Structures are given as C-alpha cells and as structure tokens.
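Below is one structure, written out as structure tokens; the observations come after it.
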Number of protein chains: 4
Amino acid sequence: MLSDSKQPIYIQIINDLKKQMASGKLCPGDKLLPVRDMALNYKVNPNTIQRSYQELERDGIITVQRGVGSFVTDDDSAIKEMKYQLGRIALEHFFDEMSSIGYNVKEIVYMVNEEGGKLNA
Amino acid sequence: MLSDSKQPIYIQIINDLKKQMASGKLCPGDKLLPVRDMALNYKVNPNTIQRSYQELERDGIITVQRGVGSFVTDDDSAIKEMKYQLGRIALEHFFDEMSSIGYNVKEIVYMVNEEGGKLNA
Amino acid sequence: MLSDSKQPIYIQIINDLKKQMASGKLCPGDKLLPVRDMALNYKVNPNTIQRSYQELERDGIITVQRGVGSFVTDDDSAIKEMKYQLGRIALEHFFDEMSSIGYNVKEIVYMVNEEGGKLNA
Amino acid sequence: MLSDSKQPIYIQIINDLKKQMASGKLCPGDKLLPVRDMALNYKVNPNTIQRSYQELERDGIITVQRGVGSFVTDDDSAIKEMKYQLGRIALEHFFDEMSSIGYNVKEIVYMVNEEGGKLNA
DNA sequence: GTGGTCTAGACCACA
DNA sequence: GTGGTCTAGACCACA
C-alpha cells in the first residue's frame with residue numbers, strides 16, 4: 001500500500017491519509033480506524049501509526065480524543081487548504097521534473113492540454 | 001544528486017544520465033566520463049557505473065568502445081524518443097498523483113495552464 | 001479536582017480540604033460531608049477518605065465524633081496557623097522554582113509587584 | 001533528578017533542560033550531550049531523550065545536526081523569551097495557588113516583599 | 001560517532 | 001475500548 005520512497009513510513013502514512021481526506025474517501029468528522037487497527041491495515045507497528053496521528057493532529061487535520069478515538073477535523077476549509085497544498089507540491093514537482101528532462105514551460109503546458117483532451121474524449 | 005527513491009542506485013544513475021542527454025547537457029557524440037571518474041562523481045563503486053553504462057548501451061542510448069571510451073549515440077532520433085518517453089512517464093505520474101489527491105482532469109489542466117501563465121509572465 | 005502530582009490520593013484530598021478551610025469555604029464548626037458522600041464527591045474509595053479524615057484529626061484541624069459526624073475545629077487559631085503554613089510552603093516553592101529558572105530574589109520581587117499591580121488595577 | 005509529577009518523562013526532561021538554558025547552565029551554542037549519554041544521565045531510554053530533543057528543536061530552542069550533535073540555539077532572544085515564559089507560568093501558578101489558599105493579591109504581594117527582604121538581608 | 005526510524009511489547013489514563 | 005508513554009533493542013543515514 002505504501003510507496004517505494006525513502007521517506008519514513010510514518011510520513012508516507014500521513015501523506016496517504018491526507019490524500020484520502022483530500023479526495024473525499026475520508027470526510028470531515030469521519031472516525032479514523034483505531035491506532036491498532038490502522039496498524040494492522042498498513043502492516044506496521046502501532047507506535048508508527050501513533051506518530052502519524054500525532055503529526056496530523058498537530059497540523060489540525062485530525063482531532064484525537066483520548067479514550068474515544070481519532071476523527072477527521074470538522075473544519076472543511078482546513079481540508080481544502082491541505083488539498084490545495086498537496087496539489088501545489090505535485091504541480092511544482094512535475095514542472096521541475098519536466099524541466100530537468102529538457103521541456104520548457106510552453107511545451108509542458110502543451111503536453112498537458114493534449115493529454116487532458118485525450119483523457120476527456 | 002540522486003533522488004530519494006528506493007530504486008537501485010544504478011537505475012537512478014541511468015535516469016540522471018538520460019535526463020542530461022534529453023536536456024542537452026550531454027549531446028549526441030559527446031564522450032562520457034570514464035567509469036572511474038563517473039564513479040567519483042556519483043560517489044559510488046565503479047562497478048555500479050559499469051552496470052549503468054551497460055544498460056544504456058543495451059538501450060542504444062550510448063556506445064561503449066573498449067579501450068577508447070563511452071559516447072552518447074549519434075542517433076538524434078533515439079535521443080528524442082528517449083526524451084519523449086521520459087516526458088510521458090512524468091506526465092502520467094503527475095496525472096495519477098493529482099487524481100489520487102482528488103483533482104479531476106479538467107482541474108488538473110486548469111491548474112497547469114494557470115501555473116504556466118504565471119511562470120511565463 | 002485533584003492535582004497532577006504523584007502524591008498519594010489521601011494526601012491530595014487532605015490538602016484540598018485544608019485549602020477549603022484556609023480560604024473560608026469551610027468554616028470552624030462546619031460539618032464535613034460523611035465519609036461515603038465525600039468519597040462519591042472525590043470519586044475514590046471511602047477508605048481513602050477515612051484515612052484523610054484521620055490525618056486531619058491527628059493534626060487537630062477537624063474533630064471526628066463517632067456516630068455524629070466530622071467537624072472543622074472550632075479553634076480559629078489552629079486554622080490560621082494551618083493557612084500560614086500552606087502559604088509558606090507555596091511561597092518557598094515559588095522562590096525555589098523561580099531561582100531554578102534563573103531569576104534572582106530582586107527580579108522575583110519585582111515581577112510579583114508588577115503582577116500584583118496589574119491584577120489590582 | 002526528575003520531579004514527582006504525573007507529566008510524561010519526556011516533558012519533564014524538556015522542562016529541566018529549558019531551566020538549564022534559562023539559568024545559564026547551558027549557553028547559546030553549547031553542545032548538548034548525545035542522545036545516548038543524556039539517556040544514561042537521566043536513566044531513561046534513548047528514545048525518550050530523542051523525543052525531548054525533537055520537541056525542543058520544533059520549538060526552536062535547540063538545533064539538531066544529524067550525525068554531528070545537538071546544540072542550544074544561537075538565538076539569544078529565543079532563550080530569553082523562553083525564560084520569560086517559564087517565569088510567567090511559575091508566577092501565575094503561584095498566584096493561583098495562594099488564591100486557592102485564601103490569600104488576596106495584596107497579601108500575596110506583601111508576603112513576597114517580606115520574604116524578599118529577608119532573603120536579601 | 002550521532003541522530004532517526006521502527007518493531008515488539010508492556011503498562012497506564014480516560015471514558 | 002482507545003489513545004499515550006516508555007523500554008529494549010535493532011538497524012539505518014549522514015559525516
């Protein structure tokens with residue numbers, strides 16, 4: 001389920017959960033799996049999930065209620081902002097990558113429009 | 001200099017060299033650094049570079065002449081094809097990534113055009 | 001209601017009751033809650049309250065009359081002395097704490113006067 | 001070396017180190033003990049120190065250089081601000097405590113001035 | 001050598 | 001049941 005990057009597992013899980021929230025697979029107010037269940041899910045140690053949850057809470061993306069459970073924040077705008085940031089990062093990474101291959105901005109835009117047309121046809 | 005992926009180092013080096021050729025930092029006919037120098041350059045074992053060169057030669061991107069050196073292929077169209085393939089991979093990866101964040105094709109195209117406009121302004 | 005110290009619970013309850021007597025929430029001669037009710041109040045075992053009452057009686061702060069109830073001592077001066085002792089402990093703890101943070105006596109006195117001025121403004 | 005509070009050990013260690021920095025036992029730029037040595041010092045697991053260091057770094061109080069060591073920040077003003085905050089917390093806690101014992105602001109200020117006079121005599 | 005991550009597993013705190 | 005902390009110990013990354 002996790003990618004092949006060298007990033008720490010807990011960061012990869014954070015990003016995976018963020019994507020699920022950004023894309024609506026997890027909605028504001030939804031209960032997250034308990035730490036132990038999520039650990040089974042990702043096949044990692046509960047401590048690793050614990051760390052992911054803590055970081056997400058610190059970022060205001062989820063709220064943790066001791067003894068109760070962890071929940072996606074009710075704050076819609078926080079989720080939207082997070083989604084936008086994920087998009088920006090992907091966008092900038094893409095332009096950097098294409099640029100390093102030797103494509104200029106005009107070519108990049110052209111190729112994306114072509115691809116978009118094909119995908120929507 | 002190398003990325004943060006878990007890919008074998010020789011693969012990462014292949015991709016780096018390919019980008020240099022695609023972007024014109026290395027031109028058709030150019031002599032590549034000798035294996036030992038390239039190894040120092042990337043701070044890896046010469047065997048690793050050896051393997052990267054072998055793969056690149058198998059793909060027809062470079063030619064290796066024993067006792068003389070290694071050279072970027074003279075075949076312009078081979079380089080162009082390779083550049084196109086690198087671009088396709090980046091393009092598809094980008095669409096996949098944006099899609100997993102929850103953006104649809106229309107939104108992706110819009111964001112790229114916006115970004116392209118800003119970068120060219 | 002109880003603090004975050006590792007002190008035994010019966011000690012924490014003693015100190016809480018002492019504060020109530022020192023601050024006049026419980027006056028000389030007042031009847032204390034029966035052991036069982038006080039236990040419900042603090043959400044502890046009645047035995048724990050029993051022990052707290054015993055200690056307070058030994059200190060002459062309350063009097064326990066079997067079959068009748070427990071009462072705050074009539075001895076005003078005993079309560080005053082106890083209040084003074086609580087104040088001394090807090091005062092000394094405060095000077096120690098500030099000292100360990102790196103403030104000298106002059107600075108501590110200055111800060112308290114400033115704060116006092118603000119609070120009384 | 002650590003207090004008897006119910007606070008997590010890593011928090012207690014953070015506060016202890018903060019006090020050492022506030023009071024000048026540790027100065028800006030000073031090297032902190034390596035994680036493992038500090039763990040022996042406090043007789044806790046290295047992971048616990050790791051966590052303390054990470055929190056301190058996040059707060060900008062120390063800087064961590066992977067493979068090199070951990071250092072008190074060079075930013076004098078950050079240390080001063082932290083010292084001020086520690087003082088404020090102690091001050092407010094003291095006023096709260098005295099208030100719960102039944103002393104009013106005027107009395108608190110009087111007692112502190114008396115004590116300050118005695119200590120400086 | 002020094003910090004960073006992770007697992008396995010125990011035990012605690014809160015509800 | 002659910003999250004929080006801690007230990008013991010392994011292994012990795014960077015210098």
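Computed from heavy atoms alone, side chains included, the values below leave out hydrogens, waters and symmetry copies. Note on naming: letters A, B, ... go to the chains in the order of the sequence lines (proteins, then strands), and numbering restarts at 1 for each one. Keep in mind that what you see is a predicted model, and the values were worked out from it rather than measured.
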Quiz prompt | Heavy-atom neighbours of B:Arg36 CZ exceed 12 at 6.0 Å | solution = no

Quiz item: From D:Ile101 CD1 over to C:Leu86 CG, what is the distance, rounded to the nearest 0.5 angstrom?
Solution: 5.0 Å

Quiz item: Can a salt bridge be assigned to the pair D:Arg88 and D:Glu81 using a cut-off of 4.0 Å between side-chain N and carboxylate O?
Solution: no

Self-check item: Any donor-acceptor N/O pair under 3.5 Å between F:dG1 base and A:Arg36 side chain
Solution: no

Exercise. Working to the nearest 0.5 Å, report the span between CG of A:Leu40 and CD1 of A:Ile49.
Key: 9.5 Å

Self-check item: Given F:dA8, E:dG4, E:dT2, the nucleotide with the shortest approach to the side chain of D:Asn45
Solution: F:dA8

Quiz prompt | Interatomic distance, D:Asn41 CG vs E:dT2 P [rounded to whole Å] | solution = 15 Å

Self-check item: Nearest-angstrom distance from the residue atom OH of A:Tyr42 to C1' of E:dT7
Solution: 18 Å

Practice problem: Nearest whole angstrom, please: distance from the P of F:dG1 to the CG of A:Leu33. | Solution: 15 Å

Self-check item: Cationic N near anionic O, under 4.0 Å, A:Glu55 to D:Arg58
Solution: yes

Quiz item: Sub-3.5 Å donor-acceptor pair from the side chain of A:Tyr10 to the main-chain atoms of A:Tyr53, do we have one?
Solution: no

Practice problem: Would you please classify the geometry between the B:His93 ring and the A:His93 ring as parallel, tilted or perpendicular, with 30° and 60° separating the classes? | Solution: perpendicular

Practice problem: Provide, to the nearest angstrom, the distance between the CG atom belonging to A:Leu40 and the P atom belonging to E:dG9. | Solution: 13 Å

Quiz item: Within a reach of under 6.0 Å around NZ of D:Lys31, are more than 12 heavy atoms found that belong to other residues, nucleotides or ligands?
Solution: yes

Quiz prompt | Separation of F:dT2 C1' from A:Lys31 NZ (nearest whole Å) | solution = 7 Å

Self-check item: Between E:dT2 (P) and D:Asp37 (CG): distance, integer Å
Solution: 7 Å

Quiz item: Are OP1 or OP2 of E:dT2 and a side-chain N or O of D:Ser70 less than 4.0 angstrom apart?
Solution: no

Quiz prompt | Atom-pair distance (CD1 on A:Ile13; C1' on E:dT7), nearest Å | solution = 13 Å

Exercise. May I ask you to list the residues of residues 47-57 of chain D, by number, that have any heavy atom positioned under 4.0 Å from an atom of DNA chain E?
Key: D:Asn47, D:Gln50, D:Gln54

Exercise. Only stems of 3 or more consecutive Watson-Crick or G-U pairs count here, both distances under 3.5 Å; name the ones for DNA chain F, or none.
Key: E:1-14 with F:1-14

Self-check item: Separation of atom CD1 in A:Ile14 from atom P in E:dT5, rounded to whole Å
Solution: 10 Å

Quiz item: What distance separates A:Ile79 CD1 from A:Met82 CE, expressed to the nearest 0.5 Å?
Solution: 5.0 Å

Self-check item: Interatomic distance, A:Leu33 atom CG to A:Leu26 atom CG [nearest 0.5 angstrom]
Solution: 8.5 Å

Which atom pairs link the protein and nucleotides 13-15 of chain F when you take only N or O atoms and keep those under 3.5 Å?
unit_1: F:dA13; atom_1: O4'; unit_2: D:Arg66; atom_2: NH2; d: 2.9

Quiz item: Testing C:Lys18, C:Lys19, C:Gln20, C:Gln12 for side-chain hydrogen bond (donor to acceptor under 3.5 Å, both in side chains) with C:Asp16, which one passes?
Solution: C:Gln20

